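Step one of this worksheet: look at the structure below.
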Amino acid sequence: MPVKNADIAAAFEQIADLLELQNANPFRVRAYRNAARVVGELKLDLAATIAAGRPLPKLPGIGSDLEAKIREFATTGRMAALERLKKEVPAGVAELLKLPGLGPKRVRALYEELHVHTLPQLLRAARDGRIRSLPGFGAKTEQRIAEAIERQLGQVKRFKLAIAAQYADALLAHLKRAPGVVEVAAAGSLRRAKETVGDLDLLATAPDGAAVCRHFTQYPDVAEVLQSGETRASVVLKSGLQVDLRVVPQESYGAALMYFTGSKAHNIRLRRLAQAVFTNESASGWQQVTFASPVAVTANTTIPANVHLKVLQNGIFQVADGVKLIINGPLEAGPHQIFSWSGSGAIFIRGNCKEVLAEWFYPEGVTDHTDYIKKAVLATKQFDSYESAKDYWRPPVILTKPSYTIANLTFGGGWTGDYYAISLVGRLSNHRGAPVLWVKAGSGNNGIVVGDGTNFQDNNLFENLRIQKVGGYPGDNTG
DNA sequence: GCCC
DNA sequence: CAGTACG
DNA sequence: GGGCCGTTACTG
């Protein structure tokens, strides 16, 4: 029986669970979990590679110790460390970790104090009222444990995407009626269009999060409320599907949607990157700078990604001749002019910016928008070469007015093969900002032609998503 | 546990 | 506050 | 040797 990568991953996962129950260093536990993920997603057959005597590639998160364990398991089918741990922790106890509300500390208390090793034993203990006597447990916890076990026995674990989407649509409609709600969206694995969905992750923006959470928990299909607070609530529907809601202020919508869409590993990687390159970037902790009067951009200026710009009306960046303004962070402004430039001054908007409004580039009252839309599109050209550009997302140019006057449909500049997405706000049913119009660098004249996306055979509305997929959502098996 |  | 949970 | 995601958020 050949050892598969999945077997190795499962062994590491078990070690992680057992170490956790032994109160081991949480970072050591995490190291095993990371290794399990890396091995589980690896295409290369590790056991076969070892059997053939070929060297193993350097795998992220796997050092000399874990590589030795992989070799041991691949050649002998056993892992001594795992077997040692299994002797130290009663069999079946790791199952208890899967119950909501039960982590390593509580499970340990359960089996050490009550000698509870299995789910049926735990259910009996809960019904007998023995659990509430333990320190750290109360009557409410005990009741929730009993309910969770009863629910879990014989439950479907994950839901098919299309089924989950139906639950989500109904819930989103319900959430829209909550007090003060502006935006609602489905995030998580549903938004990532995974084939199956373990739970629903919904996002809403509203000034009063607690009120929205209360409204959410009153949804008729709710079987149990797991928690409900100022910004978060979790419920279980009658079907057994868990639904998590986040409510954030309107200005956090972009970052929150990013965060709540995940995957978890993707979020962690983003934060690590942000920490290394910038400073203390987080889903809710953007630094904010407000300009109340015109700001003159002098030397070639780069605004770092951890600065969230919010431009008030009448606030204008004046970009001097020959000067480059590069904005890496989020940018908020109304649909009015916020940029002015002279001569060869240029504006680049990239990184964390969610969208670019054409209106930022022209004053009120213009009748031909061609040059300004062109400026907006070129402002999203973030990279110096096509090679580096194709791997990264670029903010779409958002057109907020019903119509624009475009006298000339040819843009100069740009690299052959470059794409610039132009999006209309609120015109599509899938989600805000999905591209409906594309600008593509031409092949003959090295110019850019604007047109309806349907005119381009190789266009695809999900181009941006696909690029991110190729770049890799690491660990995309959660959420 | 891994990695700098 | 510790424990558990979320992506 | 020292950090490892989060000015995380909720519960009891």
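Not measured: the values here are computed from a predicted model. Just so we're on the same page: letters track the sequence lines, and every chain starts at 1.
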Secondary-structure notation, DNA chain B, from Watson-Crick and G-U pairs under 3.5 angstrom (| other strand): ||||
Secondary-structure string, 5' to 3', Watson-Crick or G-U under 3.5 Å, | for another-strand partners, for DNA chain C: |||||||
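Legend: residues meeting salt bridge (charged side-chain N to carboxylate O under 4.0 Å, His left out) with Arg214(A), ordered by chain and number and at least two apart, are absent.
Going from atom CG of Leu226(A) over to atom P of dC6(C) covers 9 Å, rounded to whole Å. As rounded to whole Å, 17 Å separates atom P of dC6(C) from atom CG of Leu203(A). Spacing between atom CZ of Phe260(A) and atom C1' of dA9(D) amounts to 11 Å, rounded to whole angstrom units. Taking atom CG of residue Leu190(A) and atom P of nucleotide dC6(C), one finds them 17 Å apart after rounding to whole Å. Put simply, CG on Leu99(A) is 15 Å from C1' on dG3(C), counting in whole angstrom units. Atoms CG (Leu102(A)) and C1' (dA5(C)) sit 12 Å apart, rounded to a whole Å. Atom CZ in Arg144(A) sits roughly 13 Å away from atom C1' in dG3(C) (whole-Å rounding). A straight line from CZ of Arg246(A) to P of dT8(D) spans 12 Å, rounded to a whole angstrom.
Atom OH of residue Tyr253(A) and atom CE of residue Met258(A) lie 13.5 Å apart, to the nearest 0.5 angstrom.
For Leu66(A), whose side chain is taken as the heavy atoms from C-beta onward, the closest listed nucleotide among dG1(B), dA9(D), dG7(C) is dG1(B). In this structure, of dG7(C), dG1(B), dC10(D), it is dG7(C) that holds the atom nearest to the side chain of Asp201(A). Checked against dG1(B), dC10(D), dC6(C), the side chain of Gln242(A) finds its nearest nucleotide in dC6(C). The side chain of Arg232(A) sits closest to dA9(D) out of dG7(C), dA9(D), dC2(B). Side-chain proximity of Lys264(A) to dG7(C), dT4(C), dG12(D): nearest is dG7(C). Picking from dG1(B), dA9(D), dT4(C) the nucleotide with the shortest atom distance to the side chain of Ala31(A) gives dG1(B). With distances taken from any side-chain atom of Pro104(A) to the nucleotides dT8(D), dT4(C), dG12(D), the minimum falls on dT4(C). Considering only the side chain of Gln227(A), dT11(D) comes nearest among dT11(D), dC3(B), dT4(C). Listed candidates were dG12(D), dC10(D), dC6(C). Nearest to the side chain of Lys140(A) is dG12(D).
Side-chain contact between Arg144(A) and Thr141(A): absent, with no pair of heavy atoms (C-beta onward) separated by less than 4.5 Å. Val181(A) is listed as a side-chain neighbour of Val212(A), based on a closest heavy-atom distance under 4.5 Å. Between Asp221(A) and Val235(A) there is no side-chain heavy-atom pair separated by less than 4.5 Å.
Using a 4.0 Å cut-off between a side-chain N of Lys or Arg and a carboxylate O of Asp or Glu, Arg124(A) and Asp128(A) do not qualify as a salt bridge. Look at Glu20(A) and Arg33(A) and you find a salt bridge, because one of the NZ, NE, NH1 or NH2 atoms lies within 4.0 Å of a carboxylate O, short of that distance. Taking the charged nitrogens against the carboxylate oxygens, Glu67(A) and Arg71(A) do have a contact shorter than 4.0 Å, which makes a salt bridge.
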Distance-only criterion, 3.5 Å: show the donor-acceptor pairs between side-chain atoms of residues 163-177 of chain A and protein atoms not counting sequence neighbours.
from	atom 1	to	atom 2	distance (Å)
Tyr167(A)	OH	Ser239(A)	OG	3.4
His174(A)	NE2	His215(A)	NE2	3.3

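Phosphate contact (OP1/OP2 of dG7(C), side-chain N/O of Tyr259(A), threshold under 4.0 Å): absent. OP1 or OP2 of dT11(D) has not a single side-chain nitrogen or oxygen of Thr141(A) nearer than 4.0 Å. For dC3(B), one of the phosphate oxygens OP1 or OP2 lies less than 4.0 angstrom from a side-chain nitrogen or oxygen of Lys58(A).
Test Arg130(A), Arg106(A), Arg132(A) against Glu142(A) for salt bridge (charged side-chain N to carboxylate O under 4.0 Å, His left out) and you get one pass: Arg132(A). Across Val39(A), Asp7(A), Val38(A), Asp17(A), a single residue satisfies side chain to side chain contact (heavy atoms under 4.5 Å, CB included) together with Phe12(A), and that is Val39(A).
Residue contacts for Glu142(A): at a heavy-atom cut-off of 4.0 Å it reaches no nucleic acid atom on any strand shown. Using a 4.0 Å heavy-atom distance criterion, Gly63(A) is classed as a sugar-phosphate-only contact. Residue Arg106(A) is classed as a sugar-phosphate contact, given heavy-atom separations below 4.0 Å to backbone atoms only. Using a 4.0 Å heavy-atom criterion, one finds that Ser228(A) contacts the sugar-phosphate atoms exclusively.
For the pair Arg246(A) and Phe260(A), the cation-pi test (distance below 6.0 Å, angle within 45°) is passed.
Residue pairs that meet the ring pair (Phe, Tyr, Trp, His ring centres under 6.0 Å) test with at least one member in residues 81-125 of chain A, sequence neighbours left out, do not exist here.
Residues of residues 14-28 of chain A that place a heavy atom closer than 4.0 Å to DNA chain B, in numerical order, are Asn25(A), Phe27(A), Arg28(A).
In this model, a donor atom of one side chain and an acceptor atom of the other lie less than 3.5 Å apart for Arg191(A) and Thr261(A).
dT4(C) and dG6(D): their C1' atoms are spaced 15 Å apart (whole Å).
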